[in-house]
Every structure is written in structure tokens, then in C-alpha cells.
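Single-structure report; data block below.
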Amino acid sequence: MEKIRTLRGFRDILGDELEKFKKIEQAFRKYSTRLGFREIELPILEKTELFVRTIGDTTDIVEKEMFTFIDAGGDSLSMRPEATAGMVRSYLQEGLYATERLTKVCTIGPMFRHERPQKGRYREFRQIDVEVFGVKEPLVDAELIFMIRMFLDDLDIDRYRIEVNSVGCKTCRESFRGVLIEFFEDRKSELCDDCLRRLERNPLRIFDCKNEQCIRVTADSPLLFNSLCGECKDHFDLFQKHINDFGIDIEVNKRLVRGLDYYTKTVFEITSDDLGAQKAFIAGGRYDNLVEEMGGPPTAGIGFAVGVERLAMLLPQKMEESGRECFLACIGDRARGYLAPVLKACLSGDISLRYAYEAKSLKAQMRYADNLKCNFVLILGDNEIDKGMITLRDMAGKTQEELPLDVEHIVSVLKERLSG
RNA sequence: GCGGCAGUAGCUCAACGGCGGAGCAUCGGAUUGUGGUUCCGAGGGUUGCGGGUUCAAGUCCCGUCUGCCGCCCCA
């Protein structure tokens, strides 16, 4: 019989990795709460059209990376490949634009992309997603970078770079597109096959190419950053001033491009060389036209996503200290009769109690208790019961004492020992 | 989607084409009811899966699945 295992690129999350996820989410919520973000849970499945219209129909994500299927009713549905699309849909559907001046929301959950798995790249992966709707001022751009900085500091992560760029607005991008195509037309022969395709669909992405030949070509090319319109230029300058006020070091990377169509003005990427090929573990940017394009009122937007698995890889490997636990070792059937009352009293008294389900030798039970890293072991056998006592052994101190066999008393002594 | 490497006990890995092993982990024992160190012992495997070559395949060949590295993409 063939063993059933997870689908390719899908994993069970357990042990240290799950602890890291919890730690990351806890640290994140600390700052999201303080900055006024509300958490929201969104569906994993949405109409395919939502992603096509937001992310862009010529992006790789939409073209070949979505888990898409036709449901029984004939609708094309897709597992969400990212969170912003659903956030925008929710913002419009719940009418938040009408009930509040600005909206700060975040969500944490799994995303799905049908890619070839690699370290730090899975078909099901977890993202923390943050969005702000209704603020066009660059102060919020800086606030998000600041939030990321506080969050990473909290996790003791310091080997990373913050790269920022501006991809301009619709008007500066349209006019630049012509300039760029004209430049590359003359040097077509020097570009790789991938870039020739990009030239047709999204010429800006040529700047993203790692091919040395293409990098040489783009080194001579005009940059969108240098031909931003006045408004976009002012926005970026003010953003940099605010970043400076927060005391954060950033690198302006004029070649930085994002793979999703909706981005405008400020874009950023947090990368680490400790991650291998998938260097970016946080990325985001502004999308000032998206809400309107999706049928809402003109509303500025900005957000970012954290790749939780990738961030977890940057966390130190050290195991969490196990909690302070107690163990009850019973010798004989008479002692077993005390298990239920002792367990009941311990749990009510907020004390962790472990015990063996099988009637094992005391030696085996002690070994088990040690294995579980229990700090204290209660030993109960005929000797103790006849005296109306119970033995309490301090495993680290290798000392033991006898206590009256009274559950309330036992719990109060354990509490005292565990807190000291 | 493309290229390369790999898959043997729960984990890390050995085994010239010739009887599948070790360390760690788990469990038990070392004279009455006391853990870690030590000693002894036990359990655990269709060698990822399916074909093929061969007297004989963990080992060679083909396919497939999965992982890893790079490309691509992206968080």
C-alpha cells in the first residue's frame, strides 16, 4: 500500500518551525495593534476574476501560478496567491470607504502558488499582510517601513537590507514606457530571450534581469526614477525625509521593480543574503489606482507582505525552554486511584501534570519524567499511602521530601516550588 | 516551465553488482520503590514507487514521485 503524503510544495508545520511562526506573529501583532491596525480574516478561495483584475492578466502569478478550478456551478475559482486583492475586495464589499476616513487592516494566513518548490518557496506559504487605505501622504509609506523595522528589531533580526524605489504614477510611467521601448529597440540583439518577451509585455521588468549581458544594457538605459513627474518626485523626497526622521537606513535601488501590475510610486523590498535564491522576505508598495480600478472611489492604498517561512529561516535555531512541569509516578493500583483527584486539582490550580498511562516500574516512570524535562515528580505508592503522605522529588536538586496526602496542600506546595 | 544533484531504520549516514549495518533516538533490564552518566539487551526496513538488465540489484539502465541547488518567479 502506498503511503499518502502531502502534495508537492505543501508541508506539515510543527515543532521548532511552528514555534517560530507563533513568535513572529506575536511580535507582529504587538506593533500592528499599537499602530491601530485591525486584524481581518479573508476567504482562501475567491473568484479567479478578482486576481486577474488586481494582480494583472499578464503577470506570471496569474498566467501560470494560480491553483484554479471550475466549481460545480461553472464559476472559475482560485486559491488566493496573495492577500492584497482580497483586502481590496473586502474594503469595497464591506463599505469601509464610506464608514471611516482611513482603514488600517492586516491579515495572516496561507497563500497558494503553483511554482516549483525550493528552499523558502512552497506552494502553500504563509503571509502576514498589511494594508492602509485612504492615505496619500508619504508619511504612511515611512510608517510602514518603521513598523517593519520595529518588528524585525523585536525578533533580533539585523542582517537585512531595505531597498526602496519609486515606480511613478500612471502618467510618468506611460510617458517613460515609450522612451524605454525606443532605447531597447536599438539594442534588442543584446537582450536575453526572457527580456525580449518582457520588452513586449512589461519593459520595466528588464531591470530585474540577472543576466550579465542584460545588466550591461540596462546600465546605459534611462531610468524611470530619473523621469518621475513632479508629484511623484515630491512624494519620494518627502518619504525619504520621513524615513530619515525615523532614523532608518535605506538603500535607493533605482532598478527595483515589482512583479505585480498594481504598484505605483513607492515600492520596497527587504532582502537578506542568508536566504539563498529567495532573498526577499518582505515586500510591498503603494497602489493608488487599484481601489478605483476595482470599482470603488478614488482611494490611495499601500501595503506589504511578510513571507513567514522566509522570516522564520532568519530566526536563531535555539530551542524554546520547556515549560515547568510536574509528573505523578504511581506504584500499584491503590496509588492509581489518586491519579484523577491529583490531576483535577493540578489543572484547576494551573499546574502542568504529566503521568504514564501504563503501569510501569518506578524506574521507567522516573526515566519518562526526566525525558519530559519535568522539574518535580510526585511519587505515590503503598509506603506513602499507609503513612498518609506523598513523596515530592526535586529533579534538578536531587532532593525529596514527604508531604501530607492532601490534594489542595500538594497543589499549593507545587505552586510555591515552581514559582521559586 | 527548464537544467543539475539526491532519496537506505524516527534522525544523520555506511554497505566493490554478492547474507542490508552503525551512531543517535525510542523501549526494557542491571536482586525489593528513584531519572540523567555507565553497562547489557530489544523493537524498528517492501532500500521512495514501478519496470528493465543480470545467476544475483540498495548498487547498473529507463520511467515516475519527492526533496535540494540554480534558472524563472516572488513573500
Side-chain angles (χ1 to χ4, degrees), chain A residues 1-11 15 24 55 59-66 80-84 108-130 148 192-195 197-198 202 205 208-211 256-260 268-272 275-285 303-314 327 329-332 335 356 358 360-385 391-400:
Chain A
M1 176 122 58
E2 199 172 325
K3 280 182 203 153
I4 297 176
R5 43 164 304 139
T6 53
L7 299 173
R8 179 173 218 194
F10 287 68
R11 304 176 313 138
I24 287 167
I55 299 167
T59 58
D60 280 26
I61 291 179
V62 167
E63 270 193 337
K64 47 194 185 193
E65 293 176 2
M66 289 204 297
R80 60 184 184 190
E82 56 103 53
T84 303
I108 303 179
M111 307 296 158
F112 303 84
R113 289 184 201 173
H114 196 280
E115 294 183 277
R116 181 138 178 185
Q118 229 176 289
K119 197 183 214 64
R121 187 170 77 183
Y122 308 103
R123 289 185 174 181
E124 179 181 17
F125 59 98
R126 202 166 173 79
Q127 279 191 347
I128 294 174
D129 186 79
V130 171
I148 290 167
C192 70
D193 291 350
D194 284 332
C195 283
R197 262 196 307 279
R198 292 179 178 123
N202 191 349
R205 298 275 285 287
D208 233 5
C209 190
K210 284 162 197 152
N211 185 303
L256 180 66
V257 183
R258 312 262 57 240
L260 285 65
F268 53 89
E269 221 173 73
I270 320 295
T271 61
S272 171
L275 288 175
Q278 270 64 46
K279 290 196 308 181
F281 62 100
I282 300 177
F304 68 84
V306 180
V308 177
E309 287 83 355
R310 292 181 187 179
L311 178 53
M313 289 195 286
L314 298 174
F327 190 94
C330 298
I331 309 154
E358 321 90 315
K360 293 177 177 224
S361 69
L362 179 59
K363 182 198 194 78
Q365 292 186 71
M366 291 300 288
R367 186 151 50 205
Y368 184 35
D370 188 57
N371 207 319
L372 293 171
K373 309 233 179 320
C374 292
N375 307 81
F376 294 95
V377 177
L378 291 164
I379 300 169
L380 188 63
D382 290 339
N383 296 355
E384 285 83 4
I385 294 169
T391 300
L392 173 62
R393 179 171 177 83
D394 177 343
M395 294 295 271
K398 294 184 192 178
T399 56
Q400 54 191 53

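Below, chain A is the first sequence line, B the second, and so on; all start at residue 1.
Within 4.0 Å (heavy atoms only), A/G332 reaches no atom of the nucleic acid at all.
Under the side chain to side chain donor-acceptor pair (under 3.5 Å) criterion, A/E269 pairs with A/R258, sequence neighbours left out. Listed by chain and residue number, nothing satisfies the ring-ring contact (aromatic ring centres under 6.0 Å, His included) test with A/F376 (two or more places apart in sequence, or in another chain). Residues forming a ring-ring contact (aromatic ring centres under 6.0 Å, His included) with A/Y368 (at least two apart in sequence, or on another chain): A/F327. A/E115 pairs by the side chain to side chain donor-acceptor pair (under 3.5 Å) definition with nothing, not counting sequence neighbours. Scored by the salt bridge (Lys or Arg N to Asp or Glu O under 4.0 Å) test, A/K64 finds A/D60 as partners (sequence neighbours excluded). Under the rule for a side-chain contact (heavy atoms from CB on, under 4.5 Å), the partners of A/R116 that lie at least two apart in sequence or sit in another chain are A/R8, A/R121. Partners of A/R5 by side-chain contact (heavy atoms from CB on, under 4.5 Å), not counting sequence neighbours: none found. With sequence neighbours excluded, no residue forms a side chain to side chain donor-acceptor pair (under 3.5 Å) with A/D370.
Regarding A/D394, its CG atom lies at a distance of 15 Å from the P atom of B/G35, rounded to whole Å.
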Counting primed atoms plus P, OP1 and OP2 as sugar-phosphate and everything else as base, spell out the protein contacts along nucleotides 70-75 of chain B at 4.0 Å heavy-atom distance: B, S or - for each nucleotide, 5' to 3'.
BBBBBB
Reading nucleotides 23-34 of chain B from 5' to 3' and marking B where a protein heavy atom lies under 4.0 Å of the base, S where only the sugar-phosphate is that close, and - otherwise, the string is ---SSBSB--BB
Would you sketch RNA chain B in dot-bracket for me? Only Watson-Crick or G-U wobble pairs with both distances under 3.5 Å count, crossing pairs as [ ], other-strand pairs as |, the rest as dots.
(((((((..((((....[..)))).(((((.......))))).....(((((..]....))))))))))))....
Could you give the side-chain donor-acceptor pairs of residues 306-313 of chain A under 3.5 Å, partners two or more places apart or in another chain?
residue : atom : partner : partner atom : Å
A/E309  : OE1  : A/R126  : N            : 3.0
A/E309  : OE2  : A/R126  : N            : 3.0
A/R310  : NE   : A/G120  : O            : 2.7
A/R310  : NH1  : A/A280  : O            : 2.8
A/R310  : NH2  : A/G120  : O            : 3.2

